[in-house]
Amino acid sequence: MLDKNGIAQRIAREIRDGYYVNLGIGIPTLVANYIPEGINVVLQSENGLLGMGPFPFEGEEDADLINAGKQTITTLPGSSIFDSAMSFGMIRSQKIDLTILGAMEVSENGDIANWKIPGKMVKGMGGAMDLVASAKNIIVAMQHVNKAGESKLLPKCTLPLTGVKCIKKIVTELAVLDVLPEGGFKLIERAPGVSVDFIRQATLGKLFADDNVPEMVF
Amino acid sequence: MINKVVSGAEEAIKDIKNGDTLMLGGFGLCGIPENCIHALVEKGITELTCISNNAGVDDFGIGLLLQQRQVKKMVSSYVGENAEFERQLLSGELEVELIPQGTLATRCMAAGYGMPAIFTPAGVGTEVAEGKEVRNFNGKDYLMEYAFDADFAIVKAWKGDTAGNLIYRSTSRNFNPVMAMAGKITIAEVEELVEAGELDPDQIHTPGVFVHRIFKGADYEKRIEQRTVRTKG
């Protein structure tokens, strides 16, 4: 079973040289720590920055330079700054190669719910609806089951949707799964020490698994 | 050259009245028009509709207007980090319209570019699409979203000149340029105000034609919402 860093580390392997990538808040943010040596990626922050660098050294924080999580950050050589409309222009016109974000639920046809729980205070969708509606490649980073032990990979989402038929790949603490175009979750890899049966039990949506699903190697 | 300079925040907001719709630039607390917000609090006008990506925090930014119950409706993409906001929303004192962030920015842009509406895929198939026209282009569905109609746009820039030309600094640019273009009246507060001719025309982000009033902000706190650092070594 993977911890949050393990999920991030596994997702980092999906990143190719030359990618422009948008990382959501939570586990996706950790992906930046595991981008392999020799792979050049440019991180987009949708508040208006391409080329997001690490946190500043203490005393060098700049109130005018933050990421979409409102954290103080830095720029890198080759960074650029732009306004919010242009930022979502590059998202909508698919200039961003990969979007990685968290989810509360994903359905077997690729729908995602990640912004609202009825009866709880709604904070808003931020840029998530724009990202999932336009990104050409989206990976979801999330726990396989919720805190109540219920599967988050469902036949149909029960929570209000963020986007429809948009998720292609999911990485959880148990597995890597693809969402099949015809519907259903295809088991691609198992986390170390996790059996197919265990994953099947944690997956409420349709699960397809070959006889020999490989275990992740780190 | 037309001189757009006013004496300060108080004069800049002098004709904003109860019930007006305002656009306020900024992302989180970054690049918000601090001086105008303080002046609006001071003036005590109420029933405002505020179009702004966020709603500030309890004791800073738009949170100050919320504390004084001056806001009737917030139009935002994300309103976390604000307990007073939550209280007013749950008690029904405050109305909120949540809009995807890209849609928010582009509805501002549309207003500034003189276009009545835009088509965006954001929100298709979700509750955001309820009651909206859906059009299919090249096999993909899009929602029609209208340009905003705001009485005033209030923005913060880094440098400005007496002709109203603006330059923003770093990610404090965010929503400011598109909102600056979108207001019937646009008010810009700047950290540094110079004579027309001192800014390089090639470096201007917002041309002065969009700006009706400009002043140098008396003071900037520039509060940081999430101070994140790494240690040397």
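Because only heavy atoms are used, hydrogens play no part in the values below, and waters and symmetry mates are left out as well, while side chains stay in. Numbered from 1 within each chain, the chains take letters A, B, ... in sequence-line order.
Both the backbone and the side chain of A:E46 come within contact range of chain B, with heavy atoms under 4.5 Å apart. Interface remark: A:D111 contributes no atoms to any contact with chain B (heavy atom separation under 4.5 Å). Neither the backbone nor the side chain of B:Y168 comes within less than 4.5 Å of any heavy atom of chain A. Residue contact with chain B, scored on non-hydrogen atoms closer than 4.5 Å, involves the backbone and the side chain of A:F55 alike. Neither the backbone nor the side chain of A:S79 comes within contact range of chain B, judged by heavy atoms closer than 4.5 Å. Contact annotation for B:I99: only backbone heavy atoms (N, CA, C, O) come within less than 4.5 Å of a heavy atom of chain A.
The greatest number of non-hydrogen atom pairs below 4.5 Å with chain A, out of B:P121, B:G102, B:G125, B:A105, is found for B:G102. Between chain B and the options A:G89, A:G69, A:S134, A:P54, heavy-atom pairs under 4.5 Å are most frequent for A:P54. Contact tally against chain B (heavy-atom pairs below 4.5 Å) for A:V164, A:N47, A:L161: the top residue is A:N47. Here A:G126 is the residue among A:G126, A:G124, A:A63 with the most heavy-atom pairs under 4.5 Å with chain B. If you tally non-hydrogen atom pairs under 4.5 Å between each of A:G163, A:S87, A:A133 and chain B, the highest count goes to A:A133. When the candidates A:R92, A:E58, A:K116, A:M86 are compared by the number of heavy-atom contacts under 4.5 Å with chain B, A:R92 comes out ahead. For the options B:V178, B:L98, B:V96, heavy-atom pairs under 4.5 Å to chain A are most numerous at B:L98. Put simply, of B:E225, B:K232, B:K140, B:M109, the one with the most heavy-atom pairs under 4.5 Å next to chain A is B:K232.
Under the 3.5 Å distance criterion, the side-chain polar atoms of B:R230 are left unmatched by any main-chain donor or acceptor of A:P56. Checked by atom type and distance alone, the side chain of B:T171 never pairs as donor or acceptor with a backbone atom of A:G48 at under 3.5 Å. The backbone N or O of B:Q101 sits less than 3.5 Å from a side-chain atom of A:D130, completing a donor-acceptor pair. Side-chain atoms of B:T228 come within 3.5 Å of backbone N or O of A:T72 as a donor-acceptor pair.
A salt bridge links B:R169 with A:D64: at least one charged nitrogen is closer than 4.0 Å to a carboxylate oxygen.
In this structure, A:M125 CE and B:L104 CG are separated by 10.0 Å, a value rounded to the nearest 0.5 Å. To the nearest 0.5 Å, atom CD1 of residue A:I66 and atom OG of residue B:S172 are 9.0 Å apart.
In this structure the side chain of B:Y78 reaches within 4.5 angstrom of the side chain of A:K70, judged on heavy atoms. Looking only at side-chain heavy atoms (C-beta outward), A:E61 and B:V229 come within less than 4.5 Å of each other.
Here the closest heavy-atom approach between residue B:V79 and residue A:V122 is recorded as CG2-O, 3.9 Å.
No side-chain N or O of B:R173 forms a donor-acceptor pair with one of A:S84 less than 3.5 Å apart.
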